[in-house]
Number of protein chains: 2
Amino acid sequence: MQPENCPENSQLYRFLAENGMINVGSYGFPAAMQTLCTSSSTSYHNSNYHFESSVITDMTPQDRALAALKNHKEAEKRRRERINSHLDKLRDLLPCNSKTDKASLLAKVVQRVRELKQQTSELPGLETFPSETDEVTVLSGEYSSDGQLIFKASLCCEDRSDLMPDLIEILKSLHLKTLKAEMVTLGGRIRNVLIIAADKDHSVESVHFLQNALKSLLERSNSTERSKRRRVLDRKLIIQ
Amino acid sequence: MQPENCPENSQLYRFLAENGMINVGSYGFPAAMQTLCTSSSTSYHNSNYHFESSVITDMTPQDRALAALKNHKEAEKRRRERINSHLDKLRDLLPCNSKTDKASLLAKVVQRVRELKQQTSELPGLETFPSETDEVTVLSGEYSSDGQLIFKASLCCEDRSDLMPDLIEILKSLHLKTLKAEMVTLGGRIRNVLIIAADKDHSVESVHFLQNALKSLLERSNSTERSKRRRVLDRKLIIQ
DNA sequence: ATTCACACGTGATGC
DNA sequence: TGCATCACGTGTGAA
C-alpha cells in the first residue's frame, strides 16, 4: 500500500475542486472488492450496490459526471493492477529479476513460449494424443514440385459434434485441399492433424488465415458451456 | 498508418498553442535513433531531421521545453508500441483470437508457461544435461520429520569460475544446508541441482529468497559478455 | 541535464 | 446507458 498519490496536483482536478466540488472523496461508487483469482484475472462479481433512491435523485448532472469520472479512474487503476499482477507472475516464472523491463520481460516470454512450444511438439508420442490444453499449430511447410505449398496444421480442443463441419467449411472457403487427416479423441477431447495443400497464388495468406480461423473455431468451442461436455466414445481415425 | 491524432484537442496543448507557439510541428529534436534489437519489434525508421547548428543556438527555453515534451511523447509512444507488439506475438502464439483482452491474454500466458514448465521438468533425462536456455527452478519440497523443509533447486546457465563461490555464499547467507549437489557442465554451460534443507523458522521465506537470489545470479552471468565465454572442460560431479 | 520506464487520469470506442 | 478496454500525453523518480 503506497500512500495516495494526490491527484489534487493535477491542474484539471484543482480547477474542478475550486469550483465548489469539495467532497470529491464522498461521491463515487465503492470500488468493487477484487478477490484474488488464480489465473483468469476476471472476477467482477458483486457489483451489487443497493443505494436509496434519494441518492440518485439528489445527483446533479455535475455530480453524476464527477462520480462517473471517479468510477472510471478507479476501474482503470484496477485494470492496470490486473495486468501488472500477471506481469509479476511472469517475472516469477522466468529467469529474470524483479526489475526487468516490461518490454524485455515480454520479449523473454515470447522467446520462452516459442521454445517450449517447439520442444513439446518435437516430443514423439505426445503429439498423437489430445492434450488437456487447447492448441492451434500451423507449421510453415514446404513447396512441392508443382508450386503448391504443403503444410501441417494441428488443432486440439474439446470435442463437439459440429467441429468437423466447421473445419471442413473453413478449409473449403480458403480453397485448401486436405491431403491427409489424422483424428484422435480421448476423454472428450480431440486432436486433428491435417496435411494441407494450398494453391500457389495465395498460399502464404491462406496459411495465416487458416491459423486465425482455427483459433476462432477454438474460441467458439470454449464459449459453449463445459457442462454440455458429453461423454463420447474415444476413437482414432486416420484418413490417408 | 492512422491519421494524426490531433494532440491539439488537449486543453494544455491548446493553452500552450494560444500563447504564441504556433508551429509546434517544426520544433523538436529527432528522437534518438533506436537501434533495432532482434526481438523487440521496433522499426523506427525515418525520423531523420538534419538541422543546422543555428537551430540549436536559437532555441529559447520554451522551445527546449516543447522539444523535450515532444521527444518524451514520442518515446512513450514507441515504448507502448514495443510492449504491444510483444503482446501481439503472444496472441499469435497462444490459442486466442486477435481481440482478447490484454489481461486475459496475459493470464493465459501465465497458465501456459506454468504448464509447459511443469511438462518439461517432468521429462526424464532432459533435466540432467544443461539446456541452452537459462533456468531457475525451485520446487516447493516437503517437511522432514524434524520440521526442516527439504526442497530441490535447479540452476542452469553459462558456466563461469566464480559461479560456485557465489552460489555457496547465497546458501550460507540464507542459512540453507546443502544435502546433496549435482553439477553437470556441457559446452560451457552448467546445470546445478541442489537438494536443500531449510531451518524450520523461516523456511518458506528462505525458499522465496533463494529463488530471487538465483535469478539475480543468473542475471549477473548474462551481463558478463559472451565473448569471454571460455572453453572449459565438460565435467560431471555428484556430491552426496 | 538527459534518458528511460512507469503509473496516472482522461477521452474515445464498443457492446 | 453504463461498463468494459484501449491509446494517449503527462508527471515523476531512477540511472
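Residue numbering restarts at 1 for every chain, and letters A, B, ... go by the order of the sequence lines. What's counted below: heavy atoms across the whole structure, side chains too, no hydrogens, waters or symmetry copies.
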With B:Leu194 as reference, evaluate B:Val138, B:Leu167, B:Leu210 under the side-chain contact (heavy atoms from CB on, under 4.5 Å) test and give the passing residue.
B:Leu167
d(CG, B:Leu66; C1', D:dG9) in whole Å
13 Å
So does A:Arg79 get a side-chain nitrogen or oxygen closer than 4.0 Å to the phosphate oxygens (OP1/OP2) of D:dA4?
no
Is the shortest distance from a Lys or Arg side-chain nitrogen in A:Arg91 or A:Asp88 to a carboxylate oxygen in the other one below 4.0 Å?
yes
If I take atom CG in residue A:Leu69 and atom P in nucleotide C:dA12, what distance separates them, rounded to the nearest angstrom?
13 Å
I want to verify a distance call: between D:dA7, D:dT5, C:dC6, whose nearest atom is closest to the B:Asp101 side chain?
D:dT5
Does A:Asn71 make a side-chain N or O approach to OP1 or OP2 of D:dG2 shorter than 4.0 Å?
no
Given atom CD of B:Glu81 and atom P of D:dA7, what is their separation to the nearest angstrom?
10 Å
Using the test salt bridge (charged side-chain N to carboxylate O under 4.0 Å, His left out), find all partners of A:Asp166 that sit at least two apart in sequence or belong to another chain.
A:Arg160, A:Arg220
Side-chain atoms of A:Arg91 come closest, of C:dC6, C:dA5, D:dT5, to C:dC6
According to salt bridge (charged side-chain N to carboxylate O under 4.0 Å, His left out), who are the partners of A:Glu205, at least two apart in sequence or on a separate chain?
none
Residue pair A:His72/A:Lys102 against DNA chain C: nearer the 5' end by closest nucleotide is A:Lys102
5' priority, DNA chain D, between A:Lys99 and A:Ala75 [closest heavy atom]
A:Ala75
Just the rounded figure in Å: distance from P of D:dT5 to CG of B:Leu105.
13 Å
Closest nucleotide among D:dC6, C:dC8, D:dT10 to the B:Lys73 side chain:
D:dT10
Do B:Glu76 and D:dC8 have a side chain to base donor-acceptor pair shorter than 3.5 Å?
no
Considering only side-chain heavy atoms of B:Arg80, which listed nucleotide, C:dC6, D:dT5, D:dC8, is closest?
D:dC8
Would you please confirm or rule out a distance under 4.0 Å between OP1 or OP2 of D:dC8 and any side-chain N or O of B:Lys77?
yes
What's the CZ-P distance between A:Arg78 and C:dG9, to the nearest Å?
13 Å
Min side-chain heavy-atom separation B:Ile170-B:Leu174 under 4.5 Å
yes
